[in-house]
Amino acid sequence: MIVRILGEGQLDVAEGSLDELNTLDAEVQQAIEGREEERFAAALTVLLERVRALGKQLPDDALVPSDFVLPGPDASLDEVRELLSDEGLIPG
Amino acid sequence: MSIMKRLSLVFRAKANRALDKAEDPRETLDYSYQRQLEMLQKVRRGVADVATSRKRLELQMSGLRQQSDKLEDQGRQALAAGREDLAREALTRRSGVQQQMADLQTQFASLQAEEEKLTLASQRLQVKVESFRTRKETIKATYTAAEAQTKIGEAFSGISEEMGDVGLAVQRAEDKTQAMQARAGAIDELLASGALDDASGTAKDDITAELERMSSDSQVEVEMARLRGELGAAEPRGQLEGGQPGAADQQATREQARPEERK
């Protein structure tokens with residue numbers, strides 16, 4: 001499966017890792033719902049580190065959409081909320 | 001649904017909307033390619049803007065560094081002249097300047113990281129745009145409109161997602177440089193107003209003025225002593241010739257009166 005980390009590019013991650021990533025993702029989601037900034041930053045860092053460790057960088061000329069998209073490491077909780085709530089925000 | 005899935009759908013939806021609008025998908029390819037070239041321009045401008053801001057910060061940091069050195073010098077001079085109060089004032093200001101420097105250093109590091117990220121994003125996008133162009137020409141040459149529809153889907157979604165990502169990165173960088181330019185402007189004003197004194201040394205701050213006053217005071221004392229010395233040597237003759245004793249120095253008058261009487 002293809003995972004994009006915003007600002008960093010796309011990685012190919014083995015399907016078998018999905019459960020693990022979903023668990024980490026759930027923590028991020030709860031932090032967002034509870035509007036807990038610190039918990040969100042910590043959970044996101046863990047999730048991103050795991051994805052980077054498991055994934056293999058796609059070549060630059062690859063033109064494939066991602067199965068999953070993750071915010072970059074310095075994204076704030078509000079930015080992610082905005083991205084999720086308003087599709088018009090994404091330029092390009 | 002997981003955050004990462006929802007985010008991917010947000011990007012996907014955008015690509016699908018663009019694709020649905022097109023009558024002939026082959027035209028969509030050309031239109032999209034134009035948009036990609038524009039985005040490439042935009043991200044390159046973004047890199048240049050961030051670099052400009054970074055250079056401005058560099059200049060300000062070197063200005064503040066000079067300021068800090070100068071204040072330390074002033075502190076040393078003041079202490080040597082026995083003016084502990086003035087030395088303390090200089091060092092207090094120096095610690096303020098150093099705080100500003102530390103602050104700028106943090107901003108500088110953040111801008112540098114932003115610049116690197118954008119540079120990589122621009123390189124990545126360039127390769128993808130080129131790859132898209134090749135794919136587009138192949139599709140246009142090989143397939144009818146109906147066939148092309150199914151063929152371009154993935155490439156189009158792929159590049160559209162990349163454009164969205166790069167677009168967000170450019171926006172973030174713009175926000176950051178704008179916020180930084182506002183702060184940089186404030187520091188420029190501070191440096192120019194003399195509150196922090198100008199690094200060029202054109203504006204004179206009050207510590208410099210006080211030190212110069214002290215130094216000119218002591219210069220005056222030296223001159224006074226010199227003049228007194230000269231007068232001390234010349235006085236007897238001077239007073240002799242003048243003949244009018246000054247009321248200020250009675251003793252001298254009396255002493256000078258005597259030789260006159262003897263005459």
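A quick note: this is a predicted structure, and the numbers were derived from the prediction, not measured. All chains are named by letter (A, B, ...) in the order of the sequence lines, taking the proteins before the strands, and each is independently numbered beginning at 1.
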Query raised in the report: Rounded to the nearest 0.5 Å, how far apart are CD of A/Glu33 and CD1 of B/Ile3?
Result: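 If we round to the nearest 0.5 Å, A/Glu33:CD and B/Ile3:CD1 are 7.0 Å apart.
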
Query raised in the report: How many angstroms lie between CD in A/Gln29 and OG in B/Ser2, if you round to the nearest 0.5 Å?
Result: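 Here the rounded value is 7.0 Å.
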
Query - Contacts of A/Glu36 that satisfy side chain to side chain contact (heavy atoms under 4.5 Å, CB included) - sequence neighbours left out - result: A/Arg39

Measure across [X] and [Y] and return the closest heavy-atom pair with its distance rounded to 0.1 Å.
X	Y	result
A/Leu6	B/Phe11	CD2-CZ, 3.6 Å
B/Glu154	A/Pro65	CG-CD, 3.3 Å
B/Ser8	A/Val69	CA-CG2, 3.5 Å
B/Arg6	A/Leu84	CB-CD2, 3.7 Å
A/Ile5	B/Asp165	O-OD2, 4.1 Å

Pairwise side-chain contact, [X] with [Y], heavy-atom cut-off 4.5 Å (strictly under):
X	Y	answer
B/Met4	A/Val51	no
B/Leu7	A/Leu83	yes
B/Arg172	A/Asp74	yes

Query raised in the report: Among residues 107-127 of chain B, which residues come closer than 4.5 Å to chain A, judged by heavy atom distances?
Result: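 Checking residues 107-127 of chain B against chain A gives B/Lys117, B/Arg124, B/Val127.
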
Query raised in the report: With a cut-off of 6.0 Å (strictly less than), are more than 12 heavy atoms of other residues, nucleotides or ligands near CD of B/Glu137?
Result: yes

Query raised in the report: Just wondering, more than 12 heavy atoms not from B/Arg183 lying within 6.0 Å of its CZ?
Result: no

Report task. With a 4.5 angstrom heavy-atom cut-off, could you sort out which part of A/Gln10 is near chain B: side chain, backbone, both or neither? Result ->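 Contact with chain B involves the side chain of A/Gln10 alone.
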
Requested in this report: Please flag which part of A/Ile2 lies under 4.5 Å from any non-hydrogen atom of chain B: side chain, backbone, both or neither.
Outcome: neither

Query raised in the report: So which of A/Pro71, A/Gly7, A/Ser66 has the largest heavy-atom pair count under 4.5 angstrom toward chain B?
Result: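 Sorted descending by pairs with chain B, the first entry is A/Ser66.
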
Query raised in the report: Just by modelled atom types, is the A/Phe68 backbone N or O under 3.5 Å from a matching donor or acceptor in the B/Lys5 side chain?
Result: no

Query raised in the report: Tell me, side chain or backbone of B/Glu130 under 4.5 Å from chain A's heavy atoms, or both, or neither?
Result: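 B/Glu130 has no heavy atom closer than 4.5 Å to chain A.
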
